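I have placed the structure first, in the form of structure tokens, so that the comments after it can refer back to it.
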Number of protein chains: 2
Amino acid sequence: MSSSKTPAGEKKPADRPYHHGDLRRAILGAALDVIAADGPSALSLRDLARRAGVSHAAPAHHFKDRAGLLTAIAAEGFGLLATTLREAADLQGAGVHYVRFAREHPAHFQVMFAPGLLRDGDLELATARALAGDALRDAVTAVPPEGRGTDARLAGVAAWSLAHGFATLLLSHNLDGPVGDQDPEEVFRELATMLFRAGE
Amino acid sequence: MSSSKTPAGEKKPADRPYHHGDLRRAILGAALDVIAADGPSALSLRDLARRAGVSHAAPAHHFKDRAGLLTAIAAEGFGLLATTLREAADLQGAGVHYVRFAREHPAHFQVMFAPGLLRDGDLELATARALAGDALRDAVTAVPPEGRGTDARLAGVAAWSLAHGFATLLLSHNLDGPVGDQDPEEVFRELATMLFRAGE
DNA sequence: GGGCAATCTTGTCAGTGACAAGTTATGCGG
DNA sequence: CCGCATAACTTGTCACTGACAAGATTGCCC
């Protein structure tokens, strides 16, 4: 209200150094908070700008538009997922890591599999996605095909579907009943053991 | 602007009978089209109103707000899913029906599992959801526990995760590569056979 | 220290969701 | 057949949002 621009005890404009320093990271962080709390649809570029203490048009300079921001988040997510999957010892471990990733990075996970919000043609996204795909493929083919003679392609789809479905239902609170207060990753491990080693 | 209300050669207001007849159904149908094409985020109440040829505030009378519309769609979806699951012969059949449902009603399916867009407290939604849950539970417990001694709860989560993951990845075009031009339902059937009958 | 590009700001416009208040049709009791 | 309560729809408005354009500020490199 007061039009005085004295830099004394003002709130906003005084100590803001015009160049934020790492606005891109700040926006990303705020966006992840919002998405984890209320989903991607609750995300507003102007709100993120307010949280970062910058003007309403600042985010556009780093992400172009809404889809650009979400695409960047998705790409980051696929990169993180690829790293996580590489750390797994075997196929079952990869599944557990997949579920853990979804729980530890719910915002990333949601955005990664939300087509229509992403800029499909984005190069960075495609690269990261391919990286994660390779990691998953390697985890599948690394398992010796002793127990089961079926092709790796089908087994890969099965493993991915199982882990992805479990993670998705978990995040959407559809497993609150069946899983209860147990550790979801442990439940998934049992479940994978049951299915993939049924005959053994 | 022109105050003449002559019903002669006008465009909009002439043949519109003020009461649409079944506006609720018309809005729902248009919404399903839009969602199937561009996802729930591309949905605009005003656009739906335009498509139905009514004023921009008309939809609110039937659905209160955006969340109300999406909640109605989700409830309808769970009802349809319950019906579909009841028609399956066995657990594997239920899985196949689950995947088929996702393919035949992609808009419903997307909205049903999009938390944050739905009005969680809604009674109609909760009822329909419970109905579908019962149908799925019945499908799981109906299978004779001969082949596998593990509890039905775990098997239920496994079956649901597998079907849901497969359907989700399918709709998000993440299986375009592995599945190729094969019939997705047939692929899922093979996949389920492989996992659930591995030891047999 | 001078210019240049990246970064951020201000200003603006059309589109949207939500709400309030008015208008028109429908159906029901008398 | 009439009146009236109510459902169905309209018009008008407000705050908010995303996108864009043009200008201001700053760090940086030669």
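These figures come from a predicted structure and were not determined experimentally. Here is the naming used below: chain letters follow the sequence lines, and residue numbers restart at 1 for every chain.
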Report yes if the side chains of A:Phe166 and A:Tyr98 come closer than 4.5 Å at any heavy-atom pair, otherwise no. no
Would you say A:Leu175 and A:Pro184 make side-chain contact, with heavy atoms under 4.5 Å?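 A:Leu175 does not reach A:Pro184 side chain to side chain.
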Let's see if you can work this out: which of D:dT17, C:dG17, D:dT10 has an atom nearest to the side-chain heavy atoms of B:Leu45?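 Among the listed nucleotides, the one closest to the side chain of B:Leu45 is C:dG17.
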Members of residues 61-76 of chain B that approach DNA chain C, where some heavy atom sits under 4.0 Å away: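 The stretch gives B:Lys64, B:Asp65, B:Arg66 as the residues lying under 4.0 Å from the strand, ordered by number.
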Of all of residues 24-41 of chain A, which get a heavy atom below 4.0 angstrom from DNA chain D, listed by number?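 The answer is none.
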Suppose we call two aromatic rings close when their centres sit under 6.0 Å apart. Are B:Phe188 and B:His97 close by that rule?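 No; B:His97 has its ring centre 6.0 Å or more from that of B:Phe188.
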Counting distance only, does the side-chain N/O of A:Arg119 pair as donor-acceptor with the main-chain N or O of A:Leu125 below 3.5 Å? no
Would you call B:Asp120 and B:Arg129 a salt bridge, using N to O less than 4.0 angstrom? no
Tell me whether the OP1 or OP2 atom of C:dG15 has a side-chain N or O from B:Ser44 closer than 4.0 Å.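 For B:Ser44, the contact criterion (side-chain N or O under 4.0 Å from OP1 or OP2 of C:dG15) is not met.
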Please report, rounded to the nearest Å, how far the [atom2] atom of [N] is from the [atom1] atom of [X].
X: A:Arg119; N: D:dG18; atom1: CZ; atom2: C1'; result: 13 Å
X: A:Leu23; N: C:dA6; atom1: CG; atom2: P; result: 16 Å
X: B:Arg51; N: C:dT16; atom1: CZ; atom2: P; result: 11 Å
X: B:His56; N: D:dT13; atom1: NE2; atom2: P; result: 11 Å

Nearest heavy-atom approach of A:Leu162 to B:Ala158 is CD1-O, 3.6 Å
Mind listing the closest non-hydrogen atom pair of B:Ala94 and B:Ala139 along with its distance?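 In terms of heavy atoms, the two residues are closest at CB-CB, 3.9 Å.
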Give one of base, sugar-phosphate or nothing for B:Leu48, where a contact means two heavy atoms less than 4.0 Å apart. nothing
B:Arg46 (side chain) and C:dG15 (base): donor-acceptor pair under 3.5 Å: no
Would you check, one step at a time, whether the test salt bridge (Lys or Arg N to Asp or Glu O under 4.0 Å) holds for B:Arg153 with A:Glu190? CA-CA 12 Å; B:Arg153 180 189 59 91; A:Glu190 291 180 34; 5.2 Å; no
Aromatic rings A:Phe113 and A:Phe109: how do their planes relate, parallel, tilted or perpendicular, breaks at 30° and 60°?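 Tilted, since the angle between the ring planes falls between 30° and 60°.
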